[in-house]
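The structure appears below as structure tokens.
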Amino acid sequence: AQSVAQPEDQVNVAEGNPLTVKCTYSVSGNPYLFWYVQYPNRGLQFLLKYITGDNLVKGSYGFEAEFNKSQTSFHLKKPSALVSDSALYFCAVRRSGGYNKLIFGAGTRLAVHP
Amino acid sequence: EPEVTQTPSHQVTQMGQEVILRCVPISNHLYFYWYRQILGQKVEFLVSFYNNEISEKSEIFDDQFSVERPDGSNFTLKIRSTKLEDSAMYFCASSSLSGIGYNEQFFGPGTRLTVL
């Protein structure tokens, strides 16, 4: 069975500091991994994805994520956090092929303090 | 930039009533999805739809639920007889067809359904 774990309910970071939001996954076969962000009263916005190739993927708004197959992780990172990055972040996985569903983690609330 | 739209933004209904949630996917997309998020819980898959038929559904998507693409633009989710536990935010998503289907899904803003 596929699953995604986001071990932290909330991450607090000071503006200008680097941030990491953790994600581990379990899926049979090759995983396709995604990060989405949700701002209050808004839908889920796509940030970035890993399909294959380079383990470090870059996405929107300066975010990047590192795929680690041995640790089955896909942590979201940003070198310098902004207050406007404060939102709810979801990691998701889907099996390769076809039109498969996304399996989401529980979400991590990122709070960036001035 | 093209986006997925959903109406209404908030729907309040009485238990046992039928509701229809509407979505307009991005115009050149061919795969359509419904997800829901009960308050404080994770986003859960309900159903995927391709080529005018359901391609996958979850155990949540029982006989009370149905989906339809009545014309070339709309994609609807119908709940025939709502229950209290159907109260949730419902998200529509769409993705394009390319290769082995690894394209990201684009989500709408959601419809908050409240069942009283």
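Everything numeric here is computed off the predicted structure, so don't read it as measured data.
Between B:Lys42 and A:Val4, the shortest heavy-atom contact is NZ-O, 4.3 Å. Across A:Leu102 and B:Phe45, no two heavy atoms sit closer than the pair O-CB, 4.2 Å.
The cluster map of Ile, Leu, Val, Met, Phe, Trp and Tyr, joined by side-chain heavy atoms under 4.5 Å apart, puts B:Val67 and B:Tyr31 in different clusters. Both B:Ile54 and B:Leu21 are part of a single hydrophobic cluster, where members link through side-chain heavy atoms under 4.5 Å apart. Hydrophobic clustering, with ILVMFWY side chains joined whenever heavy atoms are under 4.5 angstrom apart, keeps A:Leu88 apart from B:Ile38. A continuous path of Ile, Leu, Val, Met, Phe, Trp and Tyr side chains, each step under 4.5 Å between heavy atoms, connects A:Val21 with A:Val93, placing both in one hydrophobic cluster. B:Leu30 and B:Tyr33 fall within a single hydrophobic cluster, where Ile, Leu, Val, Met, Phe, Trp and Tyr are joined by side-chain heavy atoms under 4.5 Å apart, directly or via other members.
Ring to ring, A:Phe46 and B:Phe107 are not that close: their centroids are 6.0 angstrom or more apart.
A:Phe63 meets the ring pair (Phe, Tyr, Trp, His ring centres under 6.0 Å) test with A:Tyr89; sequence neighbours excluded.
At least one side-chain heavy atom of A:Phe34 sits under 4.5 Å from a side-chain heavy atom of B:Glu104.
For residues 7-96 of chain B, the set of pairs meeting the disulfide bond (SG atoms under 2.5 Å apart) definition, not counting sequence neighbours, comprises B:Cys23-B:Cys92.
No side-chain donor-acceptor contact under 3.5 Å links A:Tyr36 to the backbone of B:Phe106.
Taking non-hydrogen atoms and a 4.5 Å limit, the residue list of residues 9-17 of chain B in contact with chain A is empty. Contact annotation for residues 108-116 of chain B against chain A (heavy-atom separation below 4.5 Å, listed by residue number): B:Gly108, B:Pro109.
In this structure, no portion of B:Glu3 lies under 4.5 Å from any heavy atom of chain A. If you measure heavy-atom distances from A:Gln38 to chain B, the contacts under 4.5 Å come from the side chain alone.
Remark: A:Arg94 CZ to B:Ser95 OG distance equals 6.0 Å, nearest 0.5 Å.
Annotation: B:Leu84, atom CG; neighbour count of heavy atoms from other residues, nucleotides and ligands within 6.0 Å is above 12. Other residues, nucleotides and ligands contribute only 12 or fewer heavy atoms inside 6.0 Å of the CG atom of B:Asp63. Enclosure of atom CZ in A:Arg109 is not indicated, since only 12 or fewer non-hydrogen atoms of other residues, nucleotides or ligands lie within 6.0 angstrom.
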